[in-house]
S.K.: 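One structure follows; several queries about it will come next.
Order of appearance sets the numbers: ligands from 1, and atoms from 1 within every ligand. What's counted below: heavy atoms across the whole structure, side chains too, no hydrogens, waters or symmetry copies.
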Amino acid sequence: MAILRFNAVQEAGRRHSKTPELPSNKVSDYYGSTCYDLKQMQSTLAPDVFKDVKNCIAKGKKINPEVANAVAAAVKSWALDNGMTHYTHWFQPLTGSTAEKHDSFFDSISGIEKFKGSALVQQEPDASSFPSGGIRQTFEARGYTAWDPSSPMFKWGTTLCIPTIFVSYTGEALDVKAPLLKALEAVDKAATKVCKYFDRNITSVTASLGCEQEYFAIDKALYNARPDLVMSGRTVFGHPPARGQQLDDHYFGSIQSRVFAFMQDFEFECHKLGIPVTTRHNEVAPSQFEVAPLFEEVNVATDHNMMMMDVMGRVAERHDLAILFHEKPFAKINGSGKHNNWSLITSTGVNLFQPKSSARENLMFLTFFANTIAAVHKYSDILRASIASAGNDYRLGANEAPPAIISVFIGSQLSAVLDELENNGNIAIEKGDNMYMKLGIDKIPEIILDNTDRNRTSPFAFTGNKFEFRAVGSFQNAGIPMTVLNTIVAKQLNDFREEVDALIAGGTEKRLAIINVLRKCIKESKNVRFEGDGYSDEWVKEAKKRGLSNIKDTPEALDAFLTKESKEVFGCYNVLSERELEARNEILWENYIMKVQIESRVMGDLALNHILPTVVKYQMKLIDAAKGLKEIGLDNESTLNVIRKITEHSEGVKTGVLAMIDERRRINKIEDSRKKSIEYCKNIKHKYFEKIRYHVDKLELFVGDEDWPLVKYREMLFLH
Ligand code: ADP
Ligand code: MG
């Protein structure tokens, strides 16, 4: 008997929902109470110190040691008053999660709690276990973390967490945040300069991000009974349930009571941390859900997304649930993404992607709109690389997620506007003419109809007042695609401005110069625009004709980071140097190898130690039955047929696994990480995973339900 599975199913079936007791019905009573944000700073710092810090944050300037000391003293009192005993520099290494090392406030020599400005500003974590892609080995073994004052400190258990960047001694970025901050600075500068064409009062531009986070929630006991989920985050075997998502009855459906209680609980924790979680709903697949906070400045939103994922995991424990952030935990069931809603907002409070009522303002909108499309077109391979991961490879192009082809959806109304601008732009403008009318810019509606009826199959869609990068994987750190997007848009805006300035210098009227360069952008980037069904085979063919890339696997997708073009675009704003790009790719390839290797091992273990022994036992039962039937003179042909089928599939599993193990041995000898990752992709994943799985999933259908050792899909997905 498959004891583990039955115990788990029984345990899961006995659970009740645990509605959390909230201290108040009003979120405002506790919102932000465990984070040290600007409001807290203002109430705990001397006015001149607060002004200085605020100014440094706004301008991205360094905080001087005296001010740092004052902040450290204030935050220490706040921390001690709120039950914190330790502090840590909290950072985002390239492994995909977050890291911390705790130090006590208590100083045993003086016998009191201490926290100096220097400890706030900089630390040297023992970083030898974090990947550096070879950067650290060659120079200094240690890296250091440096305080990022633009993201609020927060309370985690009894620890004060200080958001930081993580760099090597020689200054190379070893994390996600350091280049992200540089990219945001680049886009701010580039966009502000372009804004000056339209409004001299704009002094800065902030990039905003709102992440819609998808995830699965399943019972903890069932999760624990699936070694593949525990080890690799996804199920390597499992026959889809009879009732899948055909009915689509889960989407926006009532949220099962246990999961609902969990949501209330984690939203409470998020609100205390100042994470503006607002919407929650069911997703398409059974047991799949989505949460979205209100958008914030990109750096803070990225930190908040990482924090939120962490909070969700911890709170889920209290509800005996496991949260799956993997992009494709279940085969043939919808995967999970992290839709990155992105826009640019000026210091005067104008969203640059919001169509306006006046034609004049719409030229500004069109400028940013068309340049973003042009950036996505020109650097689509780098954008594709920014969302490459072993997990996301299972999702992209899987008929429910955007394909690996990067395209932009803008809706029929704006397509018409761009087409008109492209085709009619050459008309002569005479004195007294309404130029905007002649160009059709006066016709941009304030409210874009496609906003409501938008294309869900596009990887990069304009949704009325923002772009939504939907191809990002659910587990990925949003900071990586955001670094790339903001860098390429900065580059495009700078190139655009240079061209416009050149025309103006040659005597062209400013607005005409802008329009002329825009027309060129629109024409050149036309191929990236696609309004049809991104899931269809026709699109794959059409995209090929248009010359758009369709790079399906991570190892090759990552090559885009190392092209001349990539080095140039990341280099010109010091976002990432050539060496950093190379080091990063090294880490990403290694990470890919590790992920596929783990899946392959789990597959082998499960097949050899769980599946095949069960099948042999079951075979013996059938053989006895067949013999019995024959003895009493009855027809045993159908039983014999089942025995033959099972034998055939067992053989398939066994030969597949053994050959895969041999292949792994060969590949593991390869030194070069790029080559090795390609081998793992082609000769392990593509060659064996599907094949072995096919036989195991068939066996699941033949072997009696009582004997099957692995928790089944229907049990994981429909039990709450
Ligand atoms: P959907 O219909 O895709 O769920 P929502 O309107 O609920 O869209 O928004 C999804 C996310 O987009 C939310 O996190 C929201 O805060 C964010 N968002 C809305 N406006 C902007 C903006 N201007 N910039 C960035 N994100 C935004
Ligand atoms: Mg959305």
Side-chain angles (χ1 to χ4, degrees), residues 27 31 180 183-184 187-188 191 195 204-215 250-253 255 263 266-267 270-271 273-284 288-309 312 334 336-356 361 364-365 368-369 372 376 400-402 408-411 414 446-472 474 478-479 481-483 485-486 489 534:
V27 175
Y31 190 80
L180 175 64
L184 294 172
V187 84
D188 170 9
C195 281
S204 66
V205 172
T206 308
S208 305
L209 168 67
C211 288
E212 295 164 72
Q213 177 72 51
E214 293 176 335
Y215 62 96
H250 186 73
Y251 196 54
F252 277 57
I255 298 169
M263 286 180 175
F266 97 72
E267 282 172 11
C270 284
H271 286 152
L273 286 163
I275 306 174
V277 174
T278 47
T279 63
R280 52 163 108 106
H281 58 72
N282 291 11
E283 266 303 320
V284 182
Q288 192 188 27
F289 307 91
E290 180 193 292
V291 50
L294 195 69
F295 68 93
E296 299 175 280
E297 184 275 323
V298 173
N299 175 39
V300 173
T302 302
D303 283 1
H304 277 170
N305 180 255
M306 296 305 283
M307 285 158 68
M308 190 183 77
M309 287 167 79
M312 286 168 76
N334 263 27
S336 303
K338 186 185 331 250
H339 300 176
N340 280 208
N341 294 272
W342 171 86
S343 70
L344 295 171
I345 297 173
T346 66
S347 54
T348 53
V350 174
N351 175 355
L352 292 167
F353 296 124
Q354 174 75 58
K356 307 296 179 319
E361 286 178 288
M364 176 151 92
F365 158 75
F368 284 90
F369 183 67
T372 301
V376 172
E400 31 82 4
V408 183
F409 168 87
I410 59 172
L414 284 167
E446 254 184 286
I447 292 166
I448 303 294
L449 291 176
D450 296 288
N451 185 26
T452 44
D453 174 34
R454 61 176 185 245
N455 187 326
R456 296 211 153 258
T457 67
S458 176
F460 201 92
F462 183 70
T463 52
N465 60 357
K466 60 189 191 281
F467 280 98
E468 183 171 344
F469 191 12
R470 305 174 64 243
V472 183
S474 48
M482 278 297 121
T483 300
L485 180 61
N486 287 289
V489 169

S.K.: I'd like to check which ligand 1 atoms, numbered from 1 as shown, lie under 4.0 Å from a non-hydrogen atom of E468.
M.R.: 3 (O)
S.K.: Between N341 and E468, is there a donor-acceptor pair closer than 3.5 Å when you use the side chain of the first and the backbone of the second?
M.R.: no
S.K.: Between F295 and ligand 1, is there a nitrogen or oxygen pair with a distance under 3.5 Å?
M.R.: yes
S.K.: Under 3.5 Å between some N or O of ligand 1 and some N or O of P293?
M.R.: yes
S.K.: Any donor and acceptor pair, going by atom type alone, linking the side chain of K466 with main-chain N or O of G464 inside 3.5 Å?
M.R.: no
S.K.: Which of the atoms in ligand 1, numbered in the order shown and given with their element, are less than 4.0 Å from a heavy-atom of G210?
M.R.: 14 (O), 26 (N)
S.K.: Under 4.0 Å from any heavy atom of N351, which atoms of ligand 1 are there?
M.R.: 23 (N)
S.K.: Any donor-acceptor pair under 3.5 Å linking the side-chain atoms of Q288 with those of S336?
M.R.: yes
S.K.: Please say whether E212 places an N or O atom under 3.5 Å from an N or O atom belonging to ligand 1.
M.R.: yes
S.K.: Run through L344, I345, T372 and flag the one making a side chain to side chain contact (heavy atoms under 4.5 Å, CB included) with L352.
M.R.: L344
S.K.: Classify the angle between the aromatic ring planes of Y215 and F289 as parallel (below 30°), tilted (30 to 60°) or perpendicular (above 60°).
M.R.: tilted
S.K.: Using distance alone, decide if ligand 1 has a nitrogen or oxygen within less than 3.5 Å of any nitrogen or oxygen in N341.
M.R.: yes
S.K.: Report yes if S343 has an N/O atom closer than 3.5 Å to an N/O atom of ligand 1; otherwise report no.
M.R.: yes
S.K.: What closest approach, in Å, do Y31 and I275 show between heavy atoms, and which atom pair accounts for it?
M.R.: OH-C, 3.6 Å
